[in-house]
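To keep things clear, I will list the structure first and then write my remarks on it.
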Amino acid sequence: MKTFLPALLLIATFAQAQNNLPNTDVYLVNIELKDSVLTIKETTPISTSKLYDNQPFFSFDGYSILYSSVQEGVTPDIYLYSTQSNSGYPFFESYNESKFWPQYTADGLGYSIVNRGEDGKQMLWKYFNDARTPINVVPTVTDIGNYCWISDEYLIYRRELNIPTLNILNLKTGETKTIAEGVGVSLAKVPGEKSVYYIKTQQDKSYLMKYQIEENKSTEIINLFNGTEDFCTTVYGDVWVIRDGSIYSYISGSKRLIKIYTFTNDILKNTYRIALNRTLTQMAVVVKTTN
């Protein structure tokens, strides 16, 4: 019996971590956006396991989507879905680490993943397409959540503290600093700028913020719905958020949110997270389920 105890403890640890994850599915939706009116066309399941499918991220060309999933094992792994063949397969599997927040890197050299080890440490690793040895991007930080590649020079990341903080790393000098506290989950590069959108929560209110790296300052952009933590951006710099089964858009330069779509498909009514391709012809939606 003693021989199997470490393995049993490992399984129990990951089973507990798995149970803390929400039941979610990912769907691919063909869309058309015209004059601030969104039209939804075909909807295709990307991954609808009975457990966790989440955090979709489109490749630059839109031909593939990386996402985190719990399917046959007890640890979250990374899967890839081809938008051309409408098929998915395991992309990065591990038996002793959980994998979250897959992204393609800004320099086009590979992809990155947050690895959560058996000790609970969450660290960001970059893997290269040419099979070079992967690197630990921020080796001194063990509580990384979501992150955003601004360029090959700057990385923005969220630390999962009691009060989550937003931090910036200069990849060339190694310098790090804290930008803000009390920030939401989602982060997104502002197209065409060395800036990042993020959400700040203060006194039960949520604000869309923009941090400009070169000016080293944060600016409040617009008030969001209370409790908003997730958003996505278009290639034009507009911001989309979900509220009560509807999609609202903040058009860059305006001062308000405009409702652009209300989900009528029963499957998609519980959508709470969206990722968009660059051409605004497809989106990957994350739906909360009751499985």
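- When hydrophobic clusters are built by joining Ile, Leu, Val, Met, Phe, Trp and Tyr residues whose side-chain heavy atoms come closer than 4.5 Å, directly or via intermediates, Phe58 is grouped together with Ile46.
- No side-chain N or O of Ser68 forms a donor-acceptor pair with one of Asn54 less than 3.5 Å apart.
- A donor atom on one side chain and an acceptor atom on the other are found under 3.5 Å apart for Ser69 and Asp53.
- With Arg159 as the fixed residue, the side-chain hydrogen bond (donor to acceptor under 3.5 Å, both in side chains) test singles out one of Asp143, Thr142, Thr165: Asp143.
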field: From CA spacing to verdict: side chain to side chain contact (heavy atoms under 4.5 Å, CB included), Ile150, Ile213
entry: CA-CA 10 Å; Ile150 301 299; Ile213 294 175; 3.8 Å; yes

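- By the rule that hydrophobic residues join a cluster once side-chain heavy atoms approach within less than 4.5 Å of another member, Phe231 and Tyr248 end up as members of one cluster.
- Put simply, the side chain of Leu155 reaches to within 4.5 Å of the side chain of Leu124, judged on heavy atoms.
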message: Could you go through Tyr198 and Ser218, starting from their C-alpha distance and side-chain angles, then the distance that decides it, and tell me whether this counts as side chain to side chain donor-acceptor pair (under 3.5 Å)?
response: CA-CA 10 Å; Tyr198 67 96; Ser218 287; 2.9 Å; yes

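- Aromatic ring centres of Tyr261 and Phe263: separated by under 6.0 Å.
- Residues Pro56 and Tyr81 form no side-chain contact, since every pair of their non-hydrogen atoms from C-beta on lies 4.5 Å or further apart.
- Atom OH of Tyr157 and atom CD of Gln122 lie 13.5 Å apart (nearest 0.5 Å).
- Scanning all heavy atoms of the two residues, the minimum distance from Asp238 to Ser252 falls at OD1-N, 2.9 Å.
- A heavy-atom distance below 4.5 Å is not found between the side chains of Met283 and Asn30.
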Stepwise side chain to side chain contact (heavy atoms under 4.5 Å, CB included) check, Trp101 with Ile144: CA-CA 10 Å; Trp101 297 114; Ile144 291 182; over 6 Å; no

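- Ile247 and Ile31 end up in the same hydrophobic cluster when Ile, Leu, Val, Met, Phe, Trp and Tyr side chains are linked at under 4.5 Å.
- Residues Asp204 and Asn226 approach most closely at O-CG, 3.2 Å, considering heavy atoms.
- A single hydrophobic cluster is not seen to contain both Val196 and Val185; linkage of ILVMFWY side chains at heavy-atom distances under 4.5 Å, directly or through other members, places them apart.
- The pair Asp77-Lys99 does not count as a salt bridge, with every side-chain nitrogen at least 4.0 angstrom from each carboxylate oxygen.
- The local environment of CG in Leu161 is crowded, with over 12 non-hydrogen atoms from other residues, nucleotides or ligands closer than 6.0 Å.
- Ion pair Lys200/Glu220 not flagged as a salt bridge, since none of the NZ, NE, NH1 or NH2 atoms sits closer than 4.0 Å to an Asp/Glu carboxylate oxygen.
- In this structure, the side chain of Thr234 engages the main chain of Tyr236 through a donor-acceptor pair within 3.5 Å.
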- request: Step by step, work out the side chain to side chain donor-acceptor pair (under 3.5 Å) result for Asn86 and Ser82.
  value: CA-CA 5 Å; Asn86 289 327; Ser82 169; over 6 Å; no

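- Annotation: side chain of Leu268 is in contact with side chain of Thr43 (closest heavy-atom distance under 4.5 Å).
- Other residues, nucleotides and ligands contribute over 12 non-hydrogen atoms within 6.0 Å of the CZ atom of Phe225.
- Heavy-atom neighbours of Phe128 CZ from other residues, nucleotides or ligands within 6.0 Å: above the threshold of 12.
- The aromatic rings of Tyr111 and Tyr127 sit parallel, their planes meeting at an angle under 30°, below the 60° perpendicular limit.
- Checked by atom type, the side-chain pair Tyr197/Ser186 shows no donor-acceptor distance below 3.5 Å.
- A salt bridge is defined here as a Lys NZ or Arg NE, NH1 or NH2 lying under 4.0 Å from an Asp or Glu carboxylate O, and Glu160 with Arg158 meets this definition.
- Ser249 OG to Ile260 CD1: the interatomic distance, rounded to the nearest 0.5 Å, is 5.0 Å.
- In this structure, the side chain of Asn277 engages the main chain of Thr281 through a donor-acceptor pair within 3.5 Å.
- Atom CZ of Arg243 sits about 10.5 Å away from atom CG of Leu224, to the nearest 0.5 Å.
- Here the closest non-hydrogen pair linking Asp61 and Ser59 is OD1-OG, 2.7 Å.
- Within a 6.0 Å radius of CG in Asp35, other residues, nucleotides and ligands contribute 12 heavy atoms or fewer.
- Residue Asp119 qualifies as enclosed at atom CG: its count of foreign heavy atoms under 6.0 Å is above 12.
- Note: Leu21 CG to Leu51 CG = 9.0 Å, rounded to the nearest 0.5 Å.
- Side-chain contact between Thr24 and Tyr272: present, with at least one pair of heavy atoms (C-beta onward) separated by less than 4.5 Å.
- Considering every non-hydrogen atom in both Ala284 and Val26, the closest pair reads CB-CG1, 4.3 Å.
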- prompt: Could you walk me through whether Tyr147 and Ser112 pass the side chain to side chain donor-acceptor pair (under 3.5 Å) check?
  reply: CA-CA 10 Å; Tyr147 58 94; Ser112 52; 2.8 Å; yes

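- Ion pairing between a basic and an acidic side chain is recognised when a charged N comes within 4.0 Å of a carboxylate O; Lys210 and Glu193 show such pairing.
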- prompt: What do the steps show when you test Tyr211 against Asn216 for side chain to side chain donor-acceptor pair (under 3.5 Å), and what is the final call?
  reply: CA-CA 7 Å; Tyr211 174 75; Asn216 188 29; 2.6 Å; yes

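- For the atom pair CD1 of Ile274 and CH2 of Trp240, the computed distance is 6.5 Å after rounding to the nearest 0.5 Å.
- Judged by distance alone, with hydrogens and angles left aside, the side-chain atoms of Tyr104 form no donor-acceptor pair with the main-chain N or O of Asp107 at under 3.5 Å.
- Classification of Lys41 and Glu32 as a salt-bridged pair holds, one side-chain N sitting under 4.0 Å from a carboxylate O.
- A side-chain donor from one of Thr262 and Ser246 sits under 3.5 Å from a side-chain acceptor of the other.
- The closest donor-acceptor contact from the side chain of Ser206 to the backbone of Gly227 lies under 3.5 Å.
- Using a 4.5 Å cut-off on side-chain heavy atoms (C-beta onward), Ile156 and Leu166 make contact.
- Both Val241 and Val190 are part of a single hydrophobic cluster, where members link through side-chain heavy atoms under 4.5 Å apart.
- Contact of the Tyr52 side chain with the Phe100 side chain is registered, since non-hydrogen atoms from C-beta on lie closer than 4.5 Å.
- With rounding to the nearest 0.5 angstrom, the OG1 atom of Thr289 is 5.0 Å from the CG atom of Asp25.
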message: Please evaluate residues Thr219 and Gln212 with respect to the criterion side chain to side chain contact (heavy atoms under 4.5 Å, CB included), reporting the C-alpha separation (whole Å), side-chain torsions for both, the decisive distance (0.1 Å), and the verdict.
response: CA-CA 8 Å; Thr219 304; Gln212 298 167 282; 3.9 Å; yes

message: Walk me through whether Asn167 and Ile179 qualify under side chain to side chain contact (heavy atoms under 4.5 Å, CB included).
response: CA-CA 5 Å; Asn167 306 268; Ile179 299 170; 5.8 Å; no

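- Counting only heavy atoms from C-beta outward, the side chains of Pro22 and Lys288 never approach each other to under 4.5 Å.
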